[in-house]
Amino acid sequence: MAEKIRLAIIGCGGMAGGHLNACKALKEKGVDIFDLVATCDVAESRAIRFADTAEGFQGGLRPKVFTNHQELLEKERIDAALIPSHHRSHHIIGIDCLLAGAHVMTEKPFAITIKAARKMI
């Protein structure tokens with residue numbers, strides 16, 4: 001079996017719950033090609049809550065908790081990031097993740113200005 005995708009969720013409020021539930025549903029259906037290895041939110045309590053939930057459906061594998069996406073990228077190797085953060089930060093976080101070599105999926109809008117979208121591209 002190939003190495004699992006090392007996934008992070010950056011932004012653990014609002015829409016992020018749907019992403020976490022999707023991760024859980026995939027694991028429950030036997031899609032075990034990824035591990036959620038990091039959760040990140042400016043409100044540490046939200047990132048901790050997500051890590052607690054993920055630990056429960058990942059057989060005890062607990063994601064590391066961060067409050068700063070740059071620290072996450074410095075300390076944790078990730079292959080991909082789900083970015084359901086606040087709209088204004090999608091492109092900022094996304095660009096940092098791309099420069100770190102990770103694949104990126106953001107919520108919409110992709111960016112809040114044409115200039116920001118061009119930078120992301």
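The basis for the numbers below is simple: all heavy atoms, side chains too, and nothing from hydrogens, waters or symmetry mates.
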- Task: If you link ILVMFWY side chains whenever their heavy atoms are less than 4.5 Å apart, which other residues fall into the same cluster as Leu61? By chain and number, please.
- Result: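 None; Leu61 is a cluster of one.
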- Task: If you link ILVMFWY side chains whenever their heavy atoms are less than 4.5 Å apart, which other residues fall into the same cluster as Leu98? By chain and number, please.
- Result: Ile10, Val37, Phe66, Leu72, Leu73, Ile78, Ile83, Ile93, Ile95, Leu99, Val104, Phe110, Met120, Ile121
- Item | Salt bridge flag under 4.0 Å for residues Asp32 and Lys4 | yes
- Does any pair with a residue in residues 37-50 pass side-chain hydrogen bond (donor to acceptor under 3.5 Å, both in side chains), and if so which ones, sequence neighbours excluded? Asp41-Arg46
- Sorted by first residue and then second, give each side-chain hydrogen bond (donor to acceptor under 3.5 Å, both in side chains) pair with at least one member in residues 98-120; sequence neighbours left out.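 Those involving residues 98-120 are His19-Glu107.
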- Honestly curious: do Leu36 and Ile5 fall in one hydrophobic cluster under the side-chain, below-4.5 Å linking rule?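 In one cluster: yes.
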- Task: Can you see which heavy atom on Ala38 is nearest to which on Pro63, and at what distance?
- Result: N-CB, 3.6 Å
- Task: Would you name the heavy atoms of Ala111 and Ala117 that are closest together and state the gap between them?
- Result: CB-N, 3.4 Å
- Message: Other residues, nucleotides and ligands only: do more than 12 of their heavy atoms fall within 6.0 Å of CE on Met15?
- Response: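 Not more than 12 within 6.0 Å, no.
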- Message: For a side chain to side chain contact (heavy atoms under 4.5 Å, CB included) check, start with the C-alpha distance between Leu7 and Cys23, then their side-chain angles and the critical distance, and finish with the verdict.
- Response: CA-CA 10 Å; Leu7 182 64; Cys23 289; 4.0 Å; yes
Side chains of [X] and [Y] in contact at under 4.5 Å (non-hydrogen atoms):
| X | Y | value |
| --- | --- | --- |
| Glu76 | Glu71 | no |
| Arg6 | Phe34 | no |
| Pro84 | Ile9 | yes |

- With His90 via ring-ring contact (aromatic ring centres under 6.0 Å, His included) - residues at least two apart: His87
- Message: Working note: Glu74 + Lys64, criterion salt bridge (Lys or Arg N to Asp or Glu O under 4.0 Å); need CA distance, chi angles, decisive distance, verdict.
- Response: CA-CA 13 Å; Glu74 289 170 10; Lys64 293 180 184 168; over 6 Å; no
- Side-chain (Asp79) to main-chain (Ala102) donor-acceptor, under 3.5 angstrom: no
- Item | Residues forming a side chain to side chain contact (heavy atoms under 4.5 Å, CB included) with Asp52, sequence neighbours excluded |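 With sequence neighbours excluded, Asp52 shows a side chain to side chain contact (heavy atoms under 4.5 Å, CB included) to Ile48, Arg62, given in chain and number order.
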